[in-house]
There are 2 protein chains.
Amino acid sequence: MSRMKTAKSGRSKASNIYDVARQAKVSVFTVSAVVNNSGKVSDRLRRRVEAAIRELNYRPNLLARSLARHQTHTVGIIVPDIVNPFFPLVVRGAEDVAQNAGYSVLLCNSDNQRQKEEQYLELLLSKRVDGILLTKTHGPFSPAQQRLLADARVPLVLMMRTIPQFRSDAVVSDDLQGAFEAVSHLARLGYRRIGLVGGPLDVSNGRARWQGFRRALKSYHLPYDSSLATEGDYRVESGYQAGLMLLPRLADSVYVANYLMTAGLMKAAEEIGLRCPEDFGLVSFDDYPWLGCFHPRLTTVDLPKYDVGAEAMRLLLRRMNGSAARPMIEKLATHLIVRESCGFALRMKKPVGEREKPVAQLSESRSAVYRQPTE
Amino acid sequence: MSRMKTAKSGRSKASNIYDVARQAKVSVFTVSAVVNNSGKVSDRLRRRVEAAIRELNYRPNLLARSLARHQTHTVGIIVPDIVNPFFPLVVRGAEDVAQNAGYSVLLCNSDNQRQKEEQYLELLLSKRVDGILLTKTHGPFSPAQQRLLADARVPLVLMMRTIPQFRSDAVVSDDLQGAFEAVSHLARLGYRRIGLVGGPLDVSNGRARWQGFRRALKSYHLPYDSSLATEGDYRVESGYQAGLMLLPRLADSVYVANYLMTAGLMKAAEEIGLRCPEDFGLVSFDDYPWLGCFHPRLTTVDLPKYDVGAEAMRLLLRRMNGSAARPMIEKLATHLIVRESCGFALRMKKPVGEREKPVAQLSESRSAVYRQPTE
DNA sequence: TTGTAGGCGTTATCAA
DNA sequence: TTGATAACGCCTACAA
């Protein structure tokens, strides 16, 4: 008799491999072989098993399988905050690749808090994920975490941020080059007092974007005025505060290291009564589908968010499959998109042909296909 | 001897409960009792166990625990696309509540494809999640899915969209009322040819937003002109197309049923050479932190995205804990935010005090605290 | 090609 | 209070 009652009758527990074996009058091995399409099974038995599976509506318990096989086909992704519009695309890139390879994704938000991050890390390891994708909060791993990770021998790939003194794979955007291009663009347009709303200096991409800014200044023989450089935390409010500081100091333009801070700065400009690009030029960092639809239409440096996630997951998959290559850092190319906030139309001084080309390559970049978000 | 080698030596497998038991010279029961803080264990043994755990760096295998306990402390969330800026907040709301209750979240993107959705549903059930949060694609569940869900006896809560003929819990925003308010606002400002860029009619919130539009027209004795009403799919492109259709037909204003379509429509307006709010008024649906920072600053109806996710998860938790109350649909209140795209400043006809109050309550609404996104 | 039996790491039952 | 020992559902040598 079937263990899983049919249709109407009182429902009992889900059927397992033994039920199927009994129903098909074969051994569990045969059932397992059929289900996993492994080993040789005669057509006769295979058909019997398949019939039984259908009748009992059997579906393997992946939990049990994971326990037996020592792999869960699940990866963990820890990002600061999925609500920051930067991360959905990263996560989506990772998820697409994962899904395609038969893996599911456990999503965690650290809120940039080291404690939350650590808790999630432990949880993921306890859940025996096969790998981890991480956008690390500021600061290094604690010794406890290092040991944890080493002991668990679970591959980990960093996204967007690297950590000094910690050798591991990482996929990042070429932030230094991107910031360099952004600021160079302003310099080429003739701006002389270029302000910076930078990212946090305690994370690598914050530092890189800062560096790109300084190198571009130097490259165009512009002085570095520290009163025009502020450190933000990638959130709207810090951009707003920065705007209140910078703009009254007669910055004639500004490079803002991410989108949310740009929004904050625009708000500040509005309150102060300054218009962009008429009163000051602006280049932002990170593009979104709606940026070309509202005013000022933002000139920005597009970051390969989707590809960062996708590449990170590909790298992780390779590690999970036992790749022993030495840790590598992949750096994905950025791309300047000129619209109006930089004041290009107002100050056009360069031939049009040049406007979307980088002036110089500061570091090697890897081109990548950018996938447009679907909605 | 400890099974987990210390520091330098060749690392063996992670230690399990037997290793701990052996090390502490107790039975596995005692270890289990200590780990789970259940049952009575003498202080003497407890200390021995705790010491052993520390020495061996033991951490329970949650996989095995799940298998034995028949619960995974994991829930699945299926949304159309995490890249649509609508969903991150929903997911975040759910994740916060889940995390707080000791649950992790498996994230899935259906891309509004029924097939993908079905695959994910099966996967989640096979992984034995304890519950599911779902923003269903268009159309009903297939009979196969219905059976699947019924057999698995896994609680499921719908988010944002309900399904006719399927009784289950759901948490939605009060879209009908929201749309009604949006369009009423336009009517009160004196607009007479109000256009609609509606959501897809094959999902419930698309229909509700459409209905709210029509009821408001009726309520203000405005004729319904079907040539001014278009059906979109919540994506940028469809808003763009709708704009190209509607605006040349002399709509004096338009209500757009979500943010991405609004972006598309603004793009179309730009190309046509129409300005907002000078040439046409606009009320959008769904608010974001940056909407007040760019022009035109959008008048919009804010949806309680975070709360939808959070409430849905709370409901799910109750179900997972065995609540047998009959299925309920929670409807969360929306909130009109007046900025400039509606042309309020240009056409001010009503006293200021009235502008943020709904004219009428079309359906019961539940107020809820709105949490601002952090970045 | 197929079956048997032991293992995966916990929890839980039932004696002691 | 503790300790054996049987589930939990699947995989996989090893045997037949």
Side-chain angles (χ1 to χ4, degrees), chain A residues 3-4 12-50 52-53 56-74 125-130 151-152, chain B residues 3-4 12-50 52-53 56-74 125-130 151-152:
Chain A
R3 179 172 170 192
M4 154 75 82
S12 53
K13 305 184 54 179
S15 42
N16 62 24
I17 201 171
Y18 283 96
D19 301 321
V20 177
R22 198 176 315 126
Q23 170 95 0
K25 298 186 200 309
V26 298
S27 76
V28 292
F29 167 85
T30 310
V31 178
S32 180
V34 169
V35 168
N36 295 294
N37 211 359
S38 69
K40 287 98 195 27
V41 179
S42 66
D43 273 5
R44 205 171 50 90
L45 288 199
R46 155 165 285 119
R47 266 192 297 276
R48 287 217 319 251
V49 169
E50 284 168 346
I53 287 178
L56 298 183
N57 205 248
Y58 167 74
R59 30 195 74 251
N61 182 329
L62 261 27
L63 228 48
R65 175 180 292 176
S66 293
L67 184 60
R69 279 203 194 147
H70 293 287
Q71 58 167 327
T72 53
H73 276 262
T74 303
L125 295 181
S126 292
K127 289 214 168 189
R128 298 299 191 263
V129 296
D130 296 336
D151 285 348
Chain B
R3 178 172 171 193
M4 155 76 82
S12 54
K13 304 183 55 177
S15 42
N16 62 22
I17 202 170
Y18 280 96
D19 301 322
V20 177
R22 197 176 316 126
Q23 170 96 0
K25 298 186 203 307
V26 298
S27 75
V28 291
F29 167 84
T30 310
V31 179
S32 180
V34 169
V35 167
N36 295 293
N37 211 359
S38 70
K40 287 96 192 35
V41 179
S42 66
D43 273 6
R44 205 171 50 89
L45 287 200
R46 156 165 284 118
R47 266 192 298 275
R48 288 220 313 256
V49 170
E50 284 167 347
I53 287 177
L56 298 182
N57 203 249
Y58 166 74
R59 30 195 75 252
N61 182 328
L62 262 27
L63 228 48
R65 174 179 294 177
S66 293
L67 183 60
R69 277 204 195 147
H70 293 285
Q71 59 167 324
T72 53
H73 276 263
T74 304
L125 295 181
S126 292
K127 289 213 168 191
R128 297 298 190 265
V129 295
D130 296 336
D151 285 348

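Proteins come first, then strands; the chains are lettered A, B, ... in the order of their sequence lines, and each starts at number 1. When reading the values below, keep in mind they use all heavy atoms of this one structure, side chains included, and skip hydrogens, waters and symmetry mates.
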Item to check | Pairs meeting criterion salt bridge (Lys or Arg N to Asp or Glu O under 4.0 Å) with involvement of residues 59-68 of chain A, two or more places apart | outcome: A/Arg59-B/Glu122

When you compare the protein's N or O atoms with those of nucleotides 3-7 of chain C, which come within less than 3.5 Å of each other, and at what distance?
| unit_1 | atom_1 | unit_2 | atom_2 | d |
| --- | --- | --- | --- | --- |
| C/dG3 | OP2 | A/Ser27 | N | 2.8 |
| C/dG3 | OP2 | A/Ser27 | OG | 3.1 |
| C/dG3 | OP2 | A/Thr30 | OG1 | 2.7 |

Checklist entry - Within this structure, what is the CD-to-C1' distance between B/Gln71 and D/dC8, rounded to whole angstrom? => result 14 Å

Item to check | N/O donor-acceptor pair under 3.5 Å between B/Arg128 side chain and B/Thr72 backbone | outcome: no

Next on the checklist: Checking A/Arg69 now: which residues fulfil side-chain hydrogen bond (donor to acceptor under 3.5 Å, both in side chains) with it, not counting sequence neighbours?
Outcome noted: A/Asn36

Item to check | Shortest side-chain distance from A/Ser32, nucleotide among D/dT12, C/dC8, D/dC8 | outcome: D/dT12

Item to check | Sidechain-backbone polar pair: B/Ser126 side chain, A/Leu62 backbone, donor-acceptor under 3.5 Å | outcome: no

Checklist entry - Base, sugar-phosphate, or nothing for B/Arg59, non-hydrogen atoms under 4.0 angstrom? => result sugar-phosphate

Item to check | Whole-Å gap separating C1' (D/dT2) and CZ (B/Arg46) | outcome: 13 Å

Item to check | Nearest-Å distance for atom pair CG/C1', residues A/Leu63 and D/dA7 | outcome: 15 Å

Checklist entry - Which residues satisfy the side-chain hydrogen bond (donor to acceptor under 3.5 Å, both in side chains) test with A/Asn61, sequence neighbours excluded? => result none

Checklist outcome for this item: With the side chain defined as heavy atoms from C-beta on, B/Arg65 is closest, among C/dT10, D/dC10, D/dT12, to C/dT10

Checklist entry - Which nucleotide in the set D/dT12, D/dT1, C/dT10 lies at the smallest distance from any side-chain heavy atom of B/Pro60? => result C/dT10

Item to check | B/Ser66 side-chain N/O to C/dT10 phosphate OP1/OP2 under 4.0 Å | outcome: no

Item to check | Residue B/Val41, side-chain atoms from C-beta onward, closest of C/dT10, D/dC10, D/dT2 | outcome: D/dT2

Checklist entry - Of all residues at least two apart in sequence or in a different chain, which pass the side-chain contact (heavy atoms from CB on, under 4.5 Å) check with A/Asn37? => result A/Arg46

Checklist entry - Rounded to whole angstroms, how far apart are CG on B/Asn61 and P on D/dC8? => result 19 Å

Item to check | Whole-Å distance separating the CZ atom of A/Arg47 from the P atom of C/dT2 | outcome: 12 Å

Checklist entry - Nearest 0.5 Å, what's the CZ-OG distance between A/Arg22 and A/Ser15? => result 10.0 Å

Checklist entry - Please give, in whole Å, the distance from D/dC11 P to B/Leu67 CG? => result 12 Å

Checklist entry - Atom CZ of B/Arg69 and atom C1' of D/dG9: how far apart are they, to the nearest Å? => result 18 Å

Next on the checklist: Can you list everything that forms a side-chain contact (heavy atoms from CB on, under 4.5 Å) with A/Val28? Sequence neighbours excluded, please.
Outcome noted: A/Ile17, A/Tyr18, A/Ala21

Checklist entry - Tell me: CG of A/Asp19 to P of D/dC10, nearest whole Å? => result 9 Å

Checklist entry - Does B/Asn16 have a side-chain nitrogen or oxygen under 4.0 Å from the phosphate oxygens OP1 or OP2 of C/dT10? => result no

Checklist outcome for this item: Ranking C/dG9, D/dC11, C/dT1 by distance to the side chain of A/Ile17, first place goes to D/dC11

Checklist entry - Start at the 5' end of DNA chain D and walk down; is the nucleotide closest to B/Ser42 or to A/Ala33 reached first? => result B/Ser42

Item to check | DNA chain D: 5'-proximal contact among A/Asn36 and B/His70 (nearest heavy atom) | outcome: B/His70

